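Order of the sequence lines fixes the chain letters, A, B, ..., with proteins taken first and strands second; residue numbering starts at 1 for each chain. Quick caveat, the model's predicted, so the values are computed rather than measured.
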6 protein chains.
Amino acid sequence: MPYVNIRITREGATPDQKRELIEKTTRLLADVLGKNPETTVVVIDEVDTDNWGVAGKTVTELRGRVGS
Amino acid sequence: MPYVNIRITREGATPDQKRELIEKTTRLLADVLGKNPETTVVVIDEVDTDNWGVAGKTVTELRGRVGS
Amino acid sequence: MPYVNIRITREGATPDQKRELIEKTTRLLADVLGKNPETTVVVIDEVDTDNWGVAGKTVTELRGRVGS
Amino acid sequence: MPYVNIRITREGATPDQKRELIEKTTRLLADVLGKNPETTVVVIDEVDTDNWGVAGKTVTELRGRVGS
Amino acid sequence: MPYVNIRITREGATPDQKRELIEKTTRLLADVLGKNPETTVVVIDEVDTDNWGVAGKTVTELRGRVGS
Amino acid sequence: MPYVNIRITREGATPDQKRELIEKTTRLLADVLGKNPETTVVVIDEVDTDNWGVAGKTVTELRGRVGS
């Protein structure tokens with residue numbers, strides 16, 4: 001009964017990609033750890049690039065989108 | 001001083017329901033564990049059904065809403 | 001299918017108290033939001049008082065346990 | 001390679017304030033714990049005041065905004 | 001630069017299984033969403049069975065280990 | 001009333017360092033966003049290096065500690 005939280009920047013992931021990610025993550029937990037897929041929960045959080053920082057800069061800055 | 005994070009799918013919870021959930025969760029922590037309600041924090045996250053998966057499928061799929 | 005994460009300081013919650021907390025939190029989600037208890041997940045994290053801060057101080061300090 | 005999640009109510013934090021918060025949090029981890037800023041991740045979550053509770057009340061209620 | 005948090009019950013996952021889980025989760029994010037593996041972070045939390053509840057019961061109870 | 005969760009690998013952070021981190025994080029939220037320090041919560045999670053992955057490898061591997 002694992003709970004998986006995948007946090008990514010909101011940059012256009014499609015419903016199909018999210019479906020694929022949820023399906024394959026669930027299968028991965030079953031394959032590697034023998035976890036029951038029926039009770040595996042996967043939640044994807046999409047976060048604005050203004051709100052995600054790496055190396056002290058927002059992803060908005062890193063993408064060169066500020067003021068442009 | 002507990003911190004409680006309640007994650008649900010975004011499917012129409014009303015402000016009144018959320019108020020009730022916050023009030024009763026806070027009281028529950030006081031009743032069961034003797035926690036001080038004054039410093040109990042409860043945060044509700046509402047997640048799109050495309051982003052929540054159970055048993056390898058998104059809740060959108062499970063609700064039969066895809067393409068319909 | 002809610003996911004609830006309850007974070008408390010590690011200060012002696014018993015297995016019975018945790019059982020009660022899990023049972024009543026699950027029922028609360030069913031009562032207030034109509035959520036299916038069968039797929040409700042509740043995870044309790046117990047955190048050392050050295051690692052929990054409120055008002056800029058650790059709970060260890062607030063409890064007056066430092067150096068005593 | 002720390003991961004820091006800052007959760008605040010959504011009440012008008014500007015992109016500049018979020019940039020400053022990310023930059024200074026990253027520097028703090030380097031200064032206090034010697035963590036490498038290059039791999040430090042900071043994610044800010046802004047939560048609606050209806051969804052954040054303290055002392056058993058939503059922040060919406062505490063701000064006196066209900067029904068006004 | 002995704003952040004993935006995998007939460008499981010503490011029931012004997014080995015270092016090798018955790019290595020495999022981290023490696024394959026990272027690759028999955030690259031394959032499905034084109035995310036850069038170099039900056040993908042995966043954190044596994046192992047939680048005591050007394051602290052994990054499903055359907056209103058702790059995993060300890062569900063495993064039939066209480067009092068046995 | 002922010003909630004900040006700082007997740008780091010368990011590699012010897014001292015109680016004094018954690019106190020300093022909590023104090024300065026709380027002050028940072030007050031300085032940058034005007035948040036009330038009295039209700040700011042900071043929780044530090046220390047995670048085993050076997051359970052933290054970057055770039056598809058565990059920190060244990062990256063530190064060159066496997067089998068040594």
Side-chain angles (χ1 to χ4, degrees), chain A, chain E:
Chain A
M1 55 206 69
Y3 170 80
V4 181
N5 184 211
I6 299 173
R7 311 202 85 189
I8 55 175
T9 45
R10 192 191 311 279
E11 299 182 274
T14 66
D16 272 351
Q17 287 175 317
K18 293 189 277 193
R19 259 204 295 272
E20 188 182 350
L21 196 57
I22 283 168
E23 184 198 332
K24 291 187 172 168
T25 300
T26 303
R27 199 184 305 155
L28 187 57
L29 271 290
D31 289 350
V32 176
L33 291 178
K35 295 294 183 185
N36 180 2
E38 291 309 308
T39 55
T40 295
V41 175
V42 181
V43 176
I44 300 169
D45 294 328
E46 296 174 276
V47 176
D48 285 348
T49 57
D50 279 355
N51 289 19
W52 193 295
V54 183
K57 295 191 180 311
T58 66
V59 174
T60 305
E61 289 176 287
L62 294 171
R63 297 281 191 258
R65 294 199 207 114
V66 176
S68 64
Chain E
M1 56 204 69
Y3 169 80
V4 182
N5 184 212
I6 299 173
R7 312 202 85 190
I8 54 175
T9 44
R10 192 191 312 277
E11 299 182 275
T14 66
D16 271 352
Q17 286 175 318
K18 293 190 276 193
R19 259 204 295 273
E20 188 182 349
L21 196 57
I22 284 168
E23 184 197 332
K24 291 188 173 168
T25 300
T26 303
R27 199 185 305 155
L28 187 57
L29 270 291
D31 288 350
V32 176
L33 292 178
K35 296 293 183 184
N36 180 1
E38 291 308 309
T39 55
T40 295
V41 175
V42 181
V43 176
I44 300 169
D45 294 328
E46 295 173 277
V47 176
D48 286 348
T49 57
D50 278 354
N51 289 18
W52 192 297
V54 183
K57 295 192 180 310
T58 66
V59 175
T60 304
E61 289 175 287
L62 294 170
R63 298 281 191 257
R65 293 197 208 114
V66 177
S68 64

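Counting only residues at least two apart or on different chains, no ring pair (Phe, Tyr, Trp, His ring centres under 6.0 Å) pair has a member in residues 19-60 of chain E.
Every residue two or more places apart in sequence or in another chain that forms a side chain to side chain donor-acceptor pair (under 3.5 Å) with E/N51 is listed here: C/K18, C/E46. Take A/D45 and apply the side chain to side chain donor-acceptor pair (under 3.5 Å) test, not counting sequence neighbours, and it matches A/N5, A/R7, B/R7.
Contacts with chain E (heavy atom to heavy atom, under 4.5 Å) involve these residues of residues 24-34 of chain A, listed by number: A/K24, A/T25, A/L28, A/L29, A/V32, A/L33.
Put simply, CG on A/L21 and NZ on E/K35 are 10.0 Å apart, with the number rounded to the nearest 0.5 Å.
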